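To keep things clear, I will list the structure first and then write my remarks on it.
Given the structure is predicted, the values throughout are model-derived calculations rather than measurements. For the single chain, residues carry numbers from 1 onward in sequence order.
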Amino acid sequence: MKNDLKQTLRAAYGAMPDTALNRSMHTLSSLLEKEEAPVKHITRSMAIALCIMILMVGVAVAAGPSVYEALTAAYQQNTRYSTLEELSEKWEQVFEVPASKNGYGGGTLTITDTYYDGMRVFIAYRFSRDFIADYETVRNRGMIIPYDTKLENAYRYMPKDVADALTAKYEKEGEAWASLYGSYVGEQNILTQGEMLYNFTYSSSDRWFVNESEEIGYIDLEVPLEYRKDYADQIGIRLGISYTDQTIRFSEKEIGIRYSATKEDPVYMEEIIIAKTEKSSGAVETYELEQNFEKYSVRVELEANPVDLCARIAITRLNNEGSLMSYYVLTYIDQNDEEVQLVKQTVSRSYDGEPVNFTINMRKTEAMKAVVLKPYYPSGEDYCYLKKDEKLTITFK
């Protein structure tokens, strides 16, 4: 009878955690096997109905926090992740990822949340796969890139058991190395249109390892301007899985990592179609501003959704005079009318009157009232296109 009950539950409710299934099985068996007369006549359907609440509680407890809730706890960036949690559409699409030729990196990729507004695509995921860690034969010890100055942040970059082993070895010996072989959701994601494949113009991501094999994270992709009309309502994407080996060093100053792509090409998952929703339609605001200064004309095209902004800037010389290099800083005005620096940008000299074009992508927060483009002066004012009092300000609606 227990097998019949298990099949009935799975047929009625699909996949569920084992803890919730076992709890429901125990409750149903007890109800059906009681000797009291009123309970002897209870039907299987009635028994299932009586334990639905227990089942729902079991599923909720086993499921735990969502990807964005877990990232909020890990990174302490509440505004961005809570906004994505609110705007995203819930998914549970599962892909089986094959192992590399050397037997590592295989596992299961689950898409949990998606968001598309015509400008940006956000995809949250859980990725559980196999790693191989080698603490003895460490290759490629040169060109290690500093990633973090706090060893406690190691879980952002590697599985928990690897981070724990390296931390213990560092505390004992003052330095620790490892070679780590695995796979990750890479930057080789592509958008699709029929049989045509295009690369995204910009991507970023956050990720966090929750245990020895499972990583949670999200990727942020910008749709190229020339393809926006083709993807007005929905977009097709194939996520790429890259196989990689990492050389990791724990030292007194930092966590250092060198990523080396293997000779294997990325594996692309099946196409997923992400459509605009009621929450994402109309979420993108656009601004255009053009202004002439003493020697230059500056044009800014800015797009902003609830969590991102993209500024495309063109600077054109009005005569043949000009400096060798220009330096710009993008700032924003917060709710207290204080100016906060976002990013610095170095721009190469233009030739033959051609515009200097550059793009700045930044994360947007609710605190931003306006963004300001202005020069800064590492080597004196003579090296900048704009003068100190020349700046452009775009105020959000």
Side-chain angles (χ1 to χ4, degrees), residues 17 56-57 59-94 108-117 119-129 147-164 167 184-187 189 202-222 239 255 257 274 277-280 283-284 304-310 332 334-336 340-343 361-369 396:
M56 297 298 289
V57 170
V59 171
V61 171
S66 70
V67 168
Y68 288 126
E69 289 170 343
L71 287 173
T72 297
Y75 283 95
Q76 300 299 313
Q77 296 176 356
N78 297 321
T79 300
R80 182 176 179 81
Y81 298 130
S82 60
T83 302
L84 286 171
E85 175 78 19
E86 178 184 349
L87 295 177
S88 294
E89 182 181 8
K90 299 301 179 185
W91 281 35
E92 282 297 327
Q93 187 161 351
V94 180
T108 302
L109 174 67
T110 304
I111 306 301
T112 63
D113 303 82
T114 63
Y115 170 86
Y116 177 57
D117 58 19
M119 165 191 169
R120 286 286 213 274
V121 184
F122 293 93
I123 302 174
Y125 63 85
R126 295 182 180 272
F127 189 18
S128 181
R129 72 282 204 196
Y147 263 72
D148 211 309
T149 57
K150 297 180 179 179
L151 297 187
E152 59 266 28
N153 290 336
Y155 303 131
R156 298 183 183 183
Y157 318 111
M158 64 198 72
K160 183 177 183 299
D161 57 340
V162 176
D164 290 342
T167 300
Y184 66 99
V185 182
E187 296 182 356
N189 308 295
Y202 167 83
S203 68
S204 69
S205 63
D206 280 340
R207 58 189 66 189
W208 188 273
F209 282 89
V210 295
N211 54 42
E212 282 74 6
S213 63
E214 185 179 51
E215 172 189 291
I216 61 171
Y218 83 100
I219 54 176
D220 167 9
L221 304 168
E222 181 190 9
L239 297 178
I255 300 170
I257 304 176
I274 303 175
T277 64
E278 184 178 351
K279 292 181 179 180
S280 64
V284 180
N305 66 16
V307 291
D308 265 316
L309 65 85
C310 176
Y332 74 87
D334 67 13
Q335 301 296 328
N336 298 319
V340 183
Q341 179 173 304
L342 285 174
V343 65
N361 285 283
M362 290 302 302
R363 296 181 175 183
K364 183 176 179 294
T365 70
E366 293 179 351
M368 292 182 181
K369 291 174 56 178
F396 294 120

| Could you walk me through whether L309 and F396 pass the side chain to side chain contact (heavy atoms under 4.5 Å, CB included) check? | CA-CA 11 Å; L309 65 85; F396 294 120; 4.2 Å; yes
Please report the shortest heavy-atom distance between [X] and [Y], naming the atom on each side.
X: P65; Y: A70; value: CB-N, 4.3 Å
X: T72; Y: S82; value: OG1-N, 4.3 Å
X: P306; Y: T83; value: CB-CG2, 3.9 Å

Would you kindly say whether [X] and [Y] are connected by a side-chain donor-acceptor distance under 3.5 Å?
X: S66; Y: E85; result: yes
X: Y147; Y: N153; result: no
X: E215; Y: Y125; result: yes

| task | Could you list the residues that satisfy ring pair (Phe, Tyr, Trp, His ring centres under 6.0 Å) with Y115, not counting sequence neighbours? | result | F122
| said: Would the distance check show the side chain of R207 and the main-chain N or O of S205 forming a donor-acceptor pair, the cut-off being under 3.5 Å? | reply: no
| Do any N or O atoms from the side chain of T114 and from the backbone of I274 form a donor-acceptor pair under 3.5 angstrom? | no
Distance in Å, [X] [atom1] paired with [Y] [atom2], rounded so as to fall on 0.5 Å steps:
X: L71; Y: R80; atom1: CG; atom2: CZ; value: 10.5 Å
X: D220; Y: R363; atom1: CG; atom2: CZ; value: 7.5 Å
X: L239; Y: F127; atom1: CG; atom2: CZ; value: 10.5 Å
X: K160; Y: T167; atom1: NZ; atom2: OG1; value: 9.5 Å
X: T110; Y: R126; atom1: OG1; atom2: CZ; value: 8.5 Å
X: M119; Y: C310; atom1: CE; atom2: SG; value: 5.5 Å

Would you say [X] and [Y] make side-chain contact, with heavy atoms under 4.5 Å?
X: V162; Y: F209; answer: no
X: T108; Y: R129; answer: no
X: I255; Y: M158; answer: yes

| request: Carefully, step by step, assess V307 and K364 under the rule side chain to side chain contact (heavy atoms under 4.5 Å, CB included). | output: CA-CA 5 Å; V307 291; K364 183 176 179 294; 5.7 Å; no
| task | Just jot down the side chain to side chain contact (heavy atoms under 4.5 Å, CB included) partners of A124, sequence neighbours excluded, or say none. | result | V67, Y68, T112, D113, Y218
| message | Among residues at least two apart in sequence or on other chains, which ones pass side chain to side chain contact (heavy atoms under 4.5 Å, CB included) with V210? | response | W208, E214, I216
| Carboxylate-amine/guanidinium contact R120 D308, below 4.0 Å | yes
| So does K150 have more than 12 non-hydrogen atoms from other groups sitting under 6.0 Å from NZ? | no
| field | Intermediate values then yes/no, side chain to side chain contact (heavy atoms under 4.5 Å, CB included), Y81 and D206 | value | CA-CA 10 Å; Y81 298 130; D206 280 340; 2.3 Å; yes
| task | Before giving the answer on side chain to side chain contact (heavy atoms under 4.5 Å, CB included), spell out for I219 and V121 the whole-Å C-alpha distance, their side-chain angles and the decisive distance to 0.1 Å. | result | CA-CA 8 Å; I219 54 176; V121 184; over 6 Å; no
| From CA spacing to verdict: side chain to side chain donor-acceptor pair (under 3.5 Å), Y157, D148 | CA-CA 10 Å; Y157 318 111; D148 211 309; 2.8 Å; yes
